[in-house]
Amino acid sequence: MNWKKNEEITIVIDDLGNNGEGIGHADGYTLFVKGALPGEKVRVRMMKQKKYYGYARLQQILTPSPDRQTPLCPVASACGGCSLQHLSYNKQLAYKEKKVRDCLERIGGLDLSEVEWLPVLGMEDPWHYRNKAQFPVRKDKSGSPVTGFFAGHSHHLIPVDACRIQHPAINEVVSHILGFMRDFHIPAYEEEQHKGLVRHIYVRRGHHTGQIMVCLVVNGPSLPYVEELTARLREIAGMTSICMNINKKRTNVILGPQMRPLWGPLYIEDTIGDIRFRISPQSFYQVNPVQTARLYETALSFADLKGDETVWDLYCGIGTISLLFARELERRGQDGSSLPVGKVCGVEIVPEAIENAKENARSNGITNADFYCGAAETVVPELVSQRKERVDVVVLDPPRKGCDAILLDTVVQMAPEKIVYVSCDPATLARDVKVLGEKGYEVRKVRVCDMFPQGGNTECCVKLCRIG
Ligand code: SAH
């Protein structure tokens with residue numbers, strides 16, 4: 001801690017931190033260096049210093065790591081989106097596995113020698129995989145509208161022309177909209193003054209159907225030349241749904257409360273396996289369709305269904321996992337088994353997602369799935385006391401903050417034989433697994449599935465079984 005701000009020193013990086021940043025040490029003091037890789041000798045400039053750790057900026061790589069790859073994207077290092085683009089894909093996968101391991105051991109207190117660790121599921125082609133974009137729109141220096149990403153934890157927009165992890169059709173839609181804004185002088189949103197109009201361009205694409213939905217998030221009640229916009233967008237192959245969302249608040253939350261259809265229905269469809277899903281703009285849908293299928297297959301194999309089970313799918317979104325499981329229960333029931341066909345109960349907080357889930361069950365002819373809307377931690381305890389039914393399997397797929405403590409207690413009370421935990425944050429997973437461990441559930445299997453190639457987020461699936 002004896003360095004002046006902006007002083008340059010040379011260090012060796014020995015690890016990668018939670019957000020893909022390099023970690024090195026100087027005189028026992030820990031330094032975080034964005035963009036540096038383990039094994040690299042680097043020249044860094046001292047920035048912010050705290051008592052036990054500090055941040056330094058990468059100035060020069062003196063000895064590059066053999067695992068370094070040249071990012072495809074010219075703004076990869078500035079933009080907060082892809083924190084691992086400079087690391088070879090195999091090492092990205094190894095990093096994510098290690099992250100899950102470390103969390104389960106350190107936070108979860110697990111002895112992993114007892115756990116079956118299945119090989120990580122990586123992508124063959126880890127680019128252009130995303131089916132969803134929510135790009136902020138701002139003015140550039142010349143006043144022209146641009147889209148891009150906010151540099152990590154800031155409100156500074158880094159313009160990105162064609163994002164390398166998006167499906168190309170999505171990038172094309174975005175550039176059409178920017179063209180429209182330029183042609184008709186539609187102002188981009190200005191955050192500080194809270195004026196201007198277009199805040200975000202939100203695009204979603206069904207991977208298997210090719211259906212595209214565009215939603216313009218607007219800081220006002222209407223959009224000038226909206227007919228011209230819809231006419232232009234309708235020319236794009238696959239376009240099925242165009243809508244506008246009104247968000248007049250000073251907030252980081254992207255969507256406002258009001259959604260207005262401009263053309264086509266207020267949803268797109270996509271398929272996973274032989275099930276067709278309707279997806280509203282407000283509903284969650286996994287962003288990497290190739291890996292989603294693998295993640296769900298993993299969850300299904302961890303549940304190891306016989307056919308007559310009762311399954312609860314908590315945090316079920318539009319019912320993707322619920323309906324896959326319901327179909328599997330049905331299929332096993334029909335395979336000459338004399339067991340009654342099992343059923344699935346899904347719970348989710350977003351009303352539009354639950355509407356989708358119910359419609360998805362109906363349109364796919366799935367009759368053994370029910371859905372309930374509300375916070376899992378309030379709805380599940382109520383349902384449990386009303387129904388008093390045996391529950392065999394609970395699927396948990398919470399957002400990054402993990403499961404509410406009340407919900408975990410309720411799940412333990414339900415005493416399912418198996419819990420399949422799908423997690424997008426290994427730290428909260430490990431915290432929850434620890435709670436479940438203290439109440440009689442043991443982790444049996446773990447599999448990491450890379451949903452976010454080039455980025456640092458880590459997805460995995462864990463199987464827990466009740467002991468005793
Ligand atoms: N299993 C689904 C969704 C997973 S994402 C899929 O794979 O598509 C997590 C979901 O939890 C989101 O749909 C989110 O809206 C929902 N959610 C967030 N907090 C919740 C809560 N307290 N209770 C129930 N659902 C919640």
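When reading the values below, keep in mind they use all heavy atoms of this one structure, side chains included, and skip hydrogens, waters and symmetry mates. Remember, it's 1-based here, ligands and their atoms both numbered in the order they're listed. As the structure is a prediction and not an experimental result, all values here were calculated from the model.
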Only one of Leu266, Val350, Asn356 forms a side-chain contact (heavy atoms from CB on, under 4.5 Å) with Ser280, so which one is it?
Asn356

Decide yes or no for [X] and [Y]: does some side-chain heavy atom of the first lie under 4.5 Å from some side-chain heavy atom of the second?
X	Y	result
Phe452	Glu459	yes
Arg400	Asn457	yes
Gln69	Leu87	no

Does any N/O atom on [X] come nearer than 3.5 Å to any N/O atom on ligand 1?
X	answer
Ile321	no
Glu348	yes
Pro399	no
Tyr285	no

Of all the atoms in ligand 1, which lie at a distance below 4.0 Å from a heavy atom belonging to [X]?
X	value
Tyr296	6 (C), 7 (O), 8 (O)
Thr320	6 (C), 7 (O), 8 (O)
Val350	15 (O)

Whether over 12 other heavy atoms sit under 6.0 Å from Glu417 CD:
no

Exceeds 12 heavy-atom contacts within 6.0 angstrom, atom CD of Glu192
no

Please determine if Arg199 forms a cation-pi arrangement with Tyr189, meaning its NZ or CZ atom is less than 6.0 Å from the six-membered ring centre and no more than 45° off the ring axis.
yes

Where is the nearest protein heavy atom to [atom]: which residue, which atom, and how far?
atom	result
atom 9 (C) of ligand 1	Asp397 O, 3.3 Å
atom 11 (O) of ligand 1	Tyr315 CB, 3.4 Å
atom 17 (N) of ligand 1	Ile349 CG2, 3.6 Å
atom 22 (N) of ligand 1	Glu377 OE1, 3.1 Å

With side chain to side chain contact (heavy atoms under 4.5 Å, CB included) as the criterion, how do Leu464 and Phe302 come out once you've worked through the C-alpha distance, each side chain's angles and the decisive distance to 0.1 Å?
CA-CA 9 Å; Leu464 300 106; Phe302 282 8; over 6 Å; no

Min heavy-atom dist Gly374 to ligand 1 below 4.0 Å
yes

Tell me, please: is Ala353 in heavy-atom contact with ligand 1, that is, under 4.0 Å?
no

Determine, step by step, whether Tyr421 and Asp432 satisfy the side chain to side chain donor-acceptor pair (under 3.5 Å) criterion, reporting the C-alpha distance in whole Å, the side-chain angles of both residues, the deciding distance to 0.1 Å, and the verdict.
CA-CA 10 Å; Tyr421 195 135; Asp432 292 351; 2.6 Å; yes

Of the listed options Cys316, Ala357, Ala376, closest to atom 23 (N) of ligand 1 (non-hydrogen atoms)
Ala376

